[in-house]
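In what follows, a single structure is set out as structure tokens and then discussed.
What you see is a predicted model; the values in this text were computed from it and never measured.
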Amino acid sequence: MMTRFLQTSFVVRLLALSVALGTPPFVHAQSTSPAAKLSVHWEELTASDFREGIHRSQGTCLLPFGILEKHGPHLPLGTDLLDVRYAALHAAEQEYAVVFPEYYFGQIAEAKHEPGTMAYSRNLQLALLQETTDEMARNGCKKIIIVNGHGGNEDLLPYFAQTQLEKLHDYVVYIQWGKELPKGGPAKKDPIDLHAGEGETSTMLISHPDLVHLDRASTESGADQNRVHLPEDVYTGIWWYAKFPDHYSGNGSVANKELGSFMMTSWINAITEAIRAVKADNASLRLQSEFYEKSQHPLDTRP
């Protein structure tokens with residue numbers, strides 16, 4: 001009887017102390033239940049939650065791909081990264097996937113003359129991206145969707161995906177970069193609008209409005225200077241600088257939240273659709289493995 005009294009007294013004192021400290025009296029390590037809400041941020045998950053996240057996502061992970069570069073006189077250097085992560089994270093909330101942390105190691109040689117630009121060598125860009133997807137796959141991401149947020153990566157990423165056929169992989173790389181806006185949205189006022197202009201400024205008014213300095217948008221010109229004249233089927237790397245030497249294309253001052261909401265919602269929906277389609281894709285890895293096996297014995301491949 002005395003022992004039970006002492007035990008009860010100890011529990012009462014423990015409860016009183018925990019209330020005073022504002023901490024729970026008993027904490028037990030628990031694994032996340034299937035119904036529990038999991039963060040979609042890779043970096044926010046505990047090790048056990050990460051394991052559950054990979055299971056819940058069916059091995060589907062997003063790699064939002066941005067860049068660090070000047071965005072006119074009024075937007076932050078990380079605009080592409082900030083926007084693409086906002087879209088990817090919201091899409092993953094709709095269709096669960098694990099989202100990799102900030103990644104900005106892409107192609108931006110054309111902006112090396114502007115302050116704040118991080119332009120990595122081409123060899124490092126490809127090597128680092130390969131190491132990253134390899135490591136993601138080693139951690140269970142067998143379906144990796146690279147969500148592109150930067151126009152300068154539109155040639156780099158398909159090339160990277162194509163080179164996955166060089167060797168056998170136990171995972172598949174997919175590239176997603178949005179799609180054409182559906183009809184019925186707000187009409188754009190600016191016909192140029194290629195970089196830091198009406199559209200990009202509008203989406204930033206949705207994702208990170210506190211980082212937009214709209215009053216500065218007209219302090220520089222985003223007009224096309226068109227200083228090189230070549231046929232349309234002739235390409236040269238200096239084309240962008242020849243057109244927009246200040247790394248600003250369009251007029252960000254005409255941006256508005258209505259357009260931004262329409263564009264961002266469309267982007268989020270497109271990524272969500274991509275996640276669902278990739279989860280349902282049971283053919284790509286099988287065909288990729290079949291192709292690699294045949295590529296080792298080309299003379300045995302029948303026409």
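- Proximity of a side-chain donor or acceptor of Ser202 to a complementary backbone N or O of Asn256 within less than 3.5 Å is detected.
- Screening residues 269-303 for ring pair (Phe, Tyr, Trp, His ring centres under 6.0 Å) gives no qualifying pairs among residues at least two apart or on separate chains.
- Distance check, rounded to the nearest 0.5 Å: NE2 of His71 to CG of Asp83 gives 8.0 Å.
- Going from atom OG1 of Thr46 over to atom CZ of Arg51 covers 9.0 Å, rounded to the nearest 0.5 Å.
- Taking a 6.0 Å sphere around CD of Gln162, one finds it holds 12 or fewer heavy atoms contributed by other residues, nucleotides or ligands.
- Closest non-hydrogen pair, Gly199 versus Met263, comes out as CA-SD, 3.7 Å.
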Would Thr201 and Ser253 satisfy side-chain contact (heavy atoms from CB on, under 4.5 Å), going step by step from the backbone distance to the final call? CA-CA 8 Å; Thr201 305; Ser253 68; over 6 Å; no
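- Here the side chains of Lys142 and Val172 are not in contact, with every heavy-atom distance at 4.5 Å or above.
- Note on Leu129: it does not cluster hydrophobically with Leu165, by side-chain heavy-atom contacts below 4.5 Å among ILVMFWY residues.
- Once rounded to the nearest 0.5 Å, the distance linking CG of Leu128 with CG of Asn123 reads 12.0 Å.
- Note on Leu82: it does not cluster hydrophobically with Ile206, by side-chain heavy-atom contacts below 4.5 Å among ILVMFWY residues.
- With sequence neighbours excluded, the residues satisfying ring-ring contact (aromatic ring centres under 6.0 Å, His included) with Trp42 are Phe50, Phe100.
- Shown here is Arg227, whose CZ atom has more than 12 heavy atoms of other residues, nucleotides or ligands within 6.0 Å.
- For Asp193, the salt bridge (charged side-chain N to carboxylate O under 4.0 Å, His left out) test picks out Lys188, with sequence neighbours left out.
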Derivation and outcome, side-chain contact (heavy atoms from CB on, under 4.5 Å), residues Asn139 and Ile54: CA-CA 8 Å; Asn139 280 283; Ile54 292 297; 5.9 Å; no
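- Counting non-hydrogen atoms of other residues, nucleotides and ligands closer than 6.0 Å to CD of Glu290 gives a total above 12.
- Side-chain contact between Ser249 and Asp224 is absent, with no heavy-atom pair separated by less than 4.5 Å.
- Remark: the backbone N or O of Thr265 is paired with a side-chain donor or acceptor of Asn269 at under 3.5 angstrom.
- When the shell of 6.0 Å around NE2 of His55 is examined, it contains 12 or fewer heavy atoms from other residues, nucleotides or ligands.
- A donor-acceptor pair under 3.5 Å is absent between the side-chain atoms of Ser261 and the main chain of Lys257, judged by distance alone.
- For Arg276, the CZ atom is densely surrounded, since the number of other residues' heavy atoms within 6.0 Å is greater than 12.
- The aromatic rings of Tyr103 and Phe65 sit perpendicular to each other, their planes meeting at more than 60°, with 30° as the lower class boundary.
- Judged as a side chain to side chain contact (heavy atoms under 4.5 Å, CB included), and not counting sequence neighbours, the contacts of Pro231 are Asp233, Val234.
- Tyr248 places a side-chain heavy atom less than 4.5 Å from the side chain of His74.
- The minimum heavy-atom distance between Glu114 and Pro245, with the atom names listed, is OE2-O, 3.6 Å.
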Test log, rule side-chain contact (heavy atoms from CB on, under 4.5 Å), inputs Met264 and Tyr86: CA-CA 9 Å; Met264 186 57 78; Tyr86 180 93; 3.6 Å; yes
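- Between Trp267 and Val84, the closest side-chain pair of non-hydrogen atoms falls below 4.5 Å.
- At least one donor-acceptor pair closer than 3.5 Å links the side chain of Gln125 to the backbone N or O of Tyr120.
- Identified under the ring pair (Phe, Tyr, Trp, His ring centres under 6.0 Å) test for residues 154-174, with sequence neighbours left out: His169-Tyr171.
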Validation: residues 144-154 side-chain donor-acceptor distances under 3.5 Å, sequence neighbours left out:
residue	atom	partner	partner atom	Å
Asn148	OD1	His150	N	3.2
Asn148	OD1	Asn153	ND2	3.3
Asn148	ND2	His150	O	2.9
His150	ND1	Glu69	OE2	3.2
His150	ND1	Asp80	OD2	3.0
His150	NE2	Gln107	O	2.9
His150	NE2	Gly152	N	3.3
Asn153	OD1	Gln107	N	3.0

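- Under a hydrophobic clustering in which Ile, Leu, Val, Met, Phe, Trp and Tyr are joined whenever their side-chain heavy atoms come within less than 4.5 Å, directly or via other members, Met204 and Leu181 fall into different clusters.
- Pairs passing the salt bridge (charged side-chain N to carboxylate O under 4.0 Å, His left out) check and including a residue from residues 201-218, sequence neighbours excluded, do not occur.
- The existence of a salt bridge linking Glu131 and Arg138 is excluded, since no basic side-chain nitrogen approaches an acidic carboxylate oxygen closer than 4.0 Å.
- Side-chain N or O atoms of Gln176 include one that pairs as donor or acceptor with a backbone N or O of Gly178 at under 3.5 Å.
- Every residue two or more places apart in sequence or in another chain was checked for a salt bridge (charged side-chain N to carboxylate O under 4.0 Å, His left out) with Arg286, and none qualifies.
- Listed by chain and number, the residues in a salt bridge (charged side-chain N to carboxylate O under 4.0 Å, His left out) with Glu110 amount to none (sequence neighbours excluded).
- The shortest heavy-atom contact between Ser39 and Glu44 is OG-OE1, 2.7 Å.
- Expressed to the nearest 0.5 Å, how far CD of Gln58 lies from SG of Cys141 amounts to 13.0 Å.
- Put simply, the side chain of Lys143 gets close to the backbone of Lys279: a donor and an acceptor are under 3.5 Å apart.
- Each of Phe262 and Trp177 belongs to its own hydrophobic cluster when Ile, Leu, Val, Met, Phe, Trp and Tyr are linked at side-chain heavy-atom distances under 4.5 angstrom.
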Could you go through Asp246 and Lys70, starting from their C-alpha distance and side-chain angles, then the distance that decides it, and tell me whether this counts as side-chain contact (heavy atoms from CB on, under 4.5 Å)? CA-CA 9 Å; Asp246 295 327; Lys70 178 186 177 183; 4.2 Å; yes
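- Note on Leu126: it clusters hydrophobically with Val173, by side-chain heavy-atom contacts below 4.5 Å among ILVMFWY residues.
- Distance check: Gln164 CD to Glu166 CD gives 8.0 Å after rounding to the nearest 0.5 Å.
- When all heavy atoms are compared, the tightest approach of Ile192 to Gly250 is CG2-N, 3.9 Å.
- Pro76 places none of its side-chain heavy atoms less than 4.5 Å from the side chain of His208.
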Considering only distance and modelled atom types, tabulate donor-acceptor pairs under 3.5 Å from the side chains of residues 235-242, sequence neighbours left out.
residue	atom	partner	partner atom	Å
Tyr235	OH	Trp239	NE1	3.2
Trp240	NE1	His247	ND1	3.1

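- With a 4.5 Å cut-off between side-chain heavy atoms of Ile, Leu, Val, Met, Phe, Trp and Tyr, the cluster of Ile67 takes in Ile108.
- When atom types are taken as modelled, the side chain of Thr133 and the backbone of Gln130 share a donor-acceptor pair closer than 3.5 angstrom.
- Residues that satisfy the side chain to side chain contact (heavy atoms under 4.5 Å, CB included) test with Leu81, not counting sequence neighbours, are Arg85, Glu102, Tyr104.
- Closest non-hydrogen pair, Asn251 versus Ser218, comes out as OD1-OG, 4.2 Å.
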